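Quantities reported herein were computed from a predicted structural model and do not represent experimental measurements. Read the numbers this way: they start at 1 and go in the same order the structure lists the ligands and their atoms.
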Amino acid sequence: MSDFAADRLLLFGATGDLSRRKLLPSLCALDADGLLPENLAIIGTARSEINDAEFRNMAREALEEFLPADRRGSMATFLNRLSYQQLDASTIEGFDALAQKVADAGRSGEEGGLAIFLSTAPSLFGPTIAGLQHAGLTGDRVRMCLEKPLGTDLATSAEINDAVAAAFPEERIFRIDHYLGKETVQNLLALRFANILFEPIWNSNVIEHVQITVAETVGLEGRVAFYDDAGALRDMVQNHMLQLLALVAMEPPTSFDATAVRDEKVKVLRALRPAKAAETVTGQYRAGAVEGKAVPGYDEELGKPSDTETFTAIKAHVDNWRWKGVPFYLRTGKRLPKRVTEILVQFRCVPHSIFEGTGAGLRPNKLLIGIQPEEDITLSLMAKVPGLDQDGVRLREVPLKISMPDAFAERQRRIAYERLLLDLIKGDQTLFVRRDEVEAQWQWIDSIRAEWEANGVTPKTYTSGTWGPSAAIALTERDGVTWHE
Ligand code: BG6
């Protein structure tokens with residue numbers, strides 16, 4: 001943890017979608033709860049030719065649209081923290097004026113610190129860093145936070161990482177994966193390592209397979225150019241899903257500390273076996289109905305045919321002692337029947353059934369961890385059906401269920417970015433992705449893309465509102481496994 005709290009936050013891409021939907025609302029919500037440093041000034045910058053007052057107006061509209069009224073606190077106080085400097089980050093010229101604005105925004109009079117958040121096209125990362133260096137905005141008391149996409153493969157990601165590393169040491173680089181800001185994702189660590197029950201059985205002796213599903217109902221959402229160059233594998237698997245997998249599969253870290261946690265995650269990511277084309281499925285949605293509403297196909301939304309996958313399912317393997325022979329089935333897609341992110345841990349059958357031959361209906365246990373929209377944990381246990389058992393014992397699966405919102409009803413549910421922005425301001429890297437993790441993630445993704453290319457894999461179509469192409473069902477059924485729905 002670097003030892004200063006930032007007193008200024010500089011937001012690149014301040015008028016963009018992420019800023020309006022997530023960053024400004026998260027900052028305002030933190031402010032309403034008194035969690036921002038009192039002297040924190042927020043400087044927005046982007047290409048738009050607007051002044052401070054217009055930026056505050058834009059921010060007010062964004063807060064009204066994206067933050068519930070009961071979380072806004074005194075908006076006027078929050079808006080007062082904001083100022084704006086127009087900048088074309090592709091040229092060096094405007095950076096001196098930006099540096100001046102940042103210096104003027106310092107309110108404390110003491111030596112403060114600067115946190116910079118880059119939420120712009122990655123093509124601007126290099127020029128932005130060069131501009132910041134030129135203007136003296138990369139000193140010891142400056143942190144750099146990067147929003148995805150960090151490249152499109154290992155080589156381009158390394159280029160970005162090199163450009164940033166030329167100006168900032170790794171201890172001051174904060175790479176966002178917003179899934180790590182989600183409460184239920186962090187709760188995976190508590191579930192695994194704050195309870196004695198699970199760890200002794202968390203291995204191939206007792207676990208048969210793991211499923212990770214990140215299903216979305218949305219389609220392109222106006223992000224046409226970006227998404228068509230990315231696809232589901234790069235947009236969702238490379239980052240969010242591999243982080244979930246790493247948290248499920250990692251060894252216990254020695255402490256809840258940035259180095260210890262990230263050391264263990266990277267070992268898992270490096271142990272991923274390059275997937276074969278036959279262990280992957282890709283799909284692209286066609287017109288259909290999602291949640292009762294007719295929606296167009298991907299090609300119609302895009303306005304041209306495309307080979308980009310909007311769905312992928314992968315049978316992944318973690319090649320180490322703990323996970324030998326345990327498949328991790330991953331699946332993600334747009335325009336699926338419902339929005340759900342969940343992890344299913346399927347345990348093995350008991351080694352010997354005393355109910356054998358009685359038709360009792362014994363089934364193996366499973367643990368379902370709901371990340372969103374439901375935040376709950378359900379352990380399915382076998383229980384005896386009450387009765388006199390004249391025809392033999394009957395068993396039935398019953399859920400032991402914890403709903404996190406009910407268990408912690410008095411606690412505020414927060415936007416993932418609230419936690420991440422606060423950690424950035426304070427300098428805690430535990431929930432940010434280290435360079436070696438990102439690169440191990442890309443290495444695995446590149447191996448899959450190379451397989452797709454070598455085997456001429458193109459996405460199969462699926463009707464919007466269904467669970468992807470039928471090949472995704474076959475992928476698990478071949479192993480006698482059914483996706484959890
Ligand atoms: C983003 C992807 O990283 O995550 C989007 O670029 C996706 O395509 C989003 O919709 C999903 O995030 P969440 O928090 O809604 O699950």
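- In Y179, the part holding a heavy atom less than 4.0 Å from any atom of ligand 1 is the side chain.
- E309 contributes a side-chain N or O that, together with a main-chain N or O of A232, makes up a donor-acceptor pair within less than 3.5 Å.
- Atoms of ligand 1 lying under 4.0 Å from any heavy atom of Q372, numbered from 1 in the order shown and given with element: 13 (P), 16 (O).
- Residue contact check: K148 has heavy atoms under 4.0 Å from atoms 1 (C), 2 (C), 3 (O), 6 (O) of ligand 1.
- Without hydrogens or angle criteria, Y179 side chain to N239 main chain gives no donor-acceptor distance under 3.5 Å.
- When non-hydrogen atoms are compared, ligand 1 lies under 4.0 Å from neither the backbone nor the side chain of Q238.
- Here R286 pairs with D299 under the salt bridge (Lys or Arg N to Asp or Glu O under 4.0 Å) rule; sequence neighbours left out.
- Residue-to-ligand polar distances keep T341 apart from ligand 1: every N/O pair is separated by 3.5 Å or more.
- Residues R419 and L431 have side chains in contact (heavy-atom distance under 4.5 Å, counting atoms from C-beta outward).
- Checked by atom type and distance alone, the side chain of N365 pairs as donor or acceptor with a backbone atom of S380 at under 3.5 Å.
- In terms of N/O distances under 3.5 Å, ligand 1 is approached by D235.
- At least one N or O atom of H240, backbone or side chain, sits closer than 3.5 Å to an N or O atom of ligand 1.
- Put simply, the side chain of I343 reaches to within 4.5 Å of the side chain of L188, judged on heavy atoms.
- Under the 6.0 Å distance and 45° angle rule, R335 counts as a cation-pi partner of Y285.
- Those atoms of ligand 1 that come under 4.0 Å of a heavy atom in M236, given as number and element, are 2 (C), 4 (O), 7 (C).
- Nearest protein heavy-atom neighbour of atom 15 (O) of ligand 1: R339 NH2, 3.3 Å.
- Applying the 4.0 Å criterion to heavy atoms of K182 picks out, from ligand 1, the atoms 13 (P), 14 (O), 16 (O).
- The protein heavy atom nearest to atom 12 (O) of ligand 1 is H178 NE2, 3.2 Å.
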So V142 and T138, side chain to side chain contact (heavy atoms under 4.5 Å, CB included) or not? Walk me through it. CA-CA 6 Å; V142 184; T138 57; 5.6 Å; no

